[in-house]
Amino acid sequence: MRLSRYFLPVLKENPAEAQIVSHRYMLRAGMIKQQAAGIYSWLPLGFKVLRRIEQIVHEEQTRAGHIPLLMPTLQPADLWRESGRYDDYGQEMLRIKDRQDREMLYGPTNEEMITDIFRAHVNSYKDLPLTLYHIQWKFRDEMRPRFGVMRGREFLMKDGYNFDVDREAALHSYNRHMVSYLRTYERMGLTAIPMRADSGPIGGDDTHEFLVLASTGESEVFFDSAVTELRLGNRDVDYDNREAVAAVCKEFTTLYARTDETHDAALFDAIPEERRKVARGIEVGQIFYFGTKYSASMGAEVVTKEGTKVPVEMGSHGIGVSRLLGAIIEASHDDKGIIWPEGVTPFHAGIVNLKQGDAAADAACAGLEAALIKAGLDPLYDDRDERAGAKFATMDLIGLPWRITVGPRGLEKGIVELTSRRTGVSEEMTPEAAVAKLITIYEGHK
RNA sequence: CGGAGCGUAGCGCAGUCUGGUAGCGCACCUGCUUCGGGAGCAGGGGGUCGGAGGUUCGAAUCCUCUCGCUCCGACCA
């Protein structure tokens, strides 16, 4: 993409309404535009990152054997009367009447609807296990939306629902989700710690929240500092192997890590003092096992091997997709702007032409752009007729992890500069070497 | 929903107390000079002062109502 033809409305000054760094940078980098309290348009750059995050979520869900579908944003109220949540949910649920005066709602979550789909089409234990998920816009009419996309009223969420024949199988589904979530967050460059949490209005017996540590987080968290060292890495976990999956979960949940809702001071104090940490975190996901809470009230039953009917065992699992944009920026930025992890960056590299209009520089940039595209990468070439400083400032702000700087001075020696946004370290090399190095860097992030 | 603020050009703000016909910086347009970390000079365009009513010879400014947004708190992916 050439910047002169793109739509990237960057702001030099900080918008008055943005209080936290991720919100400020998303506005300044031209990623979002607020349309109402807690409701945003996603401008091209923000939309690109949102899509990359969605893609990673899809890939990891598919890897775990979960099946994508798509449910509507609007739901009939009657479905929620069956589960009893229509009255319980409160003002946070946006209620709407259509022209026939039918009561509708903009879905804050989809347990009822997925249970309705399940009961209509599944009758036998032979069709289990089954996990269905979608990535869809939700609406929760928060009393006080804030922090940009971190606490919007409209937000994009991946929500998945597992259906299993018995508790043991359902717990495996729970564990499978935990591992798939660990992989998902690591691919996004995040350290998200699973913490024992409170079940809240969804209800249930077992639940973990995934927290990204950040000083601006809304939750207070207590943990053993050793948990932050744990990494899933490139381990090839067999998602069908209950013991293997459970072992990973055990590894990640044995050390103390809890939110303030479930914090136990006695257990916490048993940790060696130097490893005892109190910090703040951003919740980027949550998994629940809730058994037959919805299947019993809504009549979602399957026939077992023995021929008896039992309500299906369920759980639900969510990832705050739009919130992740904010969480990633909170966890990865400096005073110049965003620093995208390679896994989610909107463009793989920026090309800065220091002297637009110089024949050699123009040709070298065009050549680099073509070579990167040919290699399957997605570069952003700043071909604007701007001074070097303005181009650097824009690149730093929008946070592309790698920048190739091209100028007449270097070209005389046959070299360009490849600069890491994260470390600031520049290396001089030939254009061909820069392309080769970028290909290598991104091999692990495709 | 309780408490506190703010709405003036695309963005950031001054002007409101003390009423007199709207201003600054950035951005934008034109020209010239610059050009390896947000250039300089000159010229130029753009605003129903959130909206409605009222007071007044006259309202961005005073009064009433209303809408929107932000912050603190309680609630939450």
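For clarity, every value in this text was computed on a predicted model and none was experimentally measured. Sequence lines set the chain letters: A, B, ... in the order given, protein chains first and strands last, and positions in each chain run from 1.
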| Aromatic plane relationship, A:Phe222 with A:Phe268 - under 30° parallel, 30 to 60° tilted, over 60° perpendicular | perpendicular
| task | Measure from the side chain of A:Glu142, starting at C-beta and using heavy atoms only, and say which of B:G38, B:G36, B:C75 lies closest. | result | B:C75
Identify every side-chain donor-acceptor pair in residues 209-217 of chain A under 3.5 Å, counting partners at least two apart or on other chains, and give the distances.
residue	atom	partner	partner atom	Å
A:Thr216	OG1	A:Glu330	OE1	2.6

| query | Got a donor-acceptor pair under 3.5 Å from the side chain of A:Arg403 to the base of B:G37? | reply | yes
| message | Can you say whether a donor on the side chain of A:Glu386 sits under 3.5 Å from an acceptor on the base of B:G38, or the other way round? | response |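 By the distance-only test, no, there is no pair.
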| task | Using ring-ring contact (aromatic ring centres under 6.0 Å, His included) as the criterion, point out the one residue from A:His134, A:His208, A:His177 that pairs with A:His317. | result | A:His177
| Identified ring-ring contact (aromatic ring centres under 6.0 Å, His included) counterpart of A:Tyr106 within the set A:Tyr89, A:Phe139, A:Trp80, A:Trp137 |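 In the set A:Tyr89, A:Phe139, A:Trp80, A:Trp137, the residue that makes a ring-ring contact (aromatic ring centres under 6.0 Å, His included) with A:Tyr106 is A:Phe139.
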| said: So if I apply the side-chain contact (heavy atoms from CB on, under 4.5 Å) rule between A:Val321 and each of A:Ile53, A:Val284, A:Val149, A:Asp159, which one comes out positive? | reply: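 So, applying the side-chain contact (heavy atoms from CB on, under 4.5 Å) to A:Val321 and each of A:Ile53, A:Val284, A:Val149, A:Asp159, only A:Ile53 qualifies.
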Would you indicate what [X] reaches in the nucleic acid, counting non-hydrogen atoms under 4.0 angstrom: base, sugar-phosphate, or nothing?
X: A:Asn14; answer: sugar-phosphate
X: A:Gly407; answer: base
X: A:Gly410; answer: base
X: A:Lys355; answer: nothing
X: A:Ser322; answer: nothing
X: A:Leu11; answer: nothing

| field | Length of the NE2-P vector between A:His177 and B:A77, whole Å | value |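 Atom NE2 in A:His177 sits about 17 Å away from atom P in B:A77.
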Work out how far the [atom1] atom of [N] is from that of [M], and round it to whole angstrom.
N: B:A59; M: B:G20; atom1: P; result: 11 Å
N: B:U48; M: B:C17; atom1: C1'; result: 26 Å
N: B:G3; M: B:A22; atom1: C1'; result: 34 Å
N: B:G47; M: B:A14; atom1: C1'; result: 15 Å

Could you write out each protein N or O paired with an N or O of nucleotides 70-73 of chain B at a distance under 3.5 Å?
residue	atom	partner	partner atom	Å
B:U70	OP1	A:Gln34	NE2	3.1
B:C72	OP2	A:Arg144	NH1	3.1
B:C72	OP2	A:Arg144	NH2	2.6

| field | Centroid separation A:Tyr133 to A:His66 less than 6.0 Å | value | no
| field | Close aromatic pair by centroid cut-off 6.0 Å: A:Tyr294 and A:Phe118 | value | no
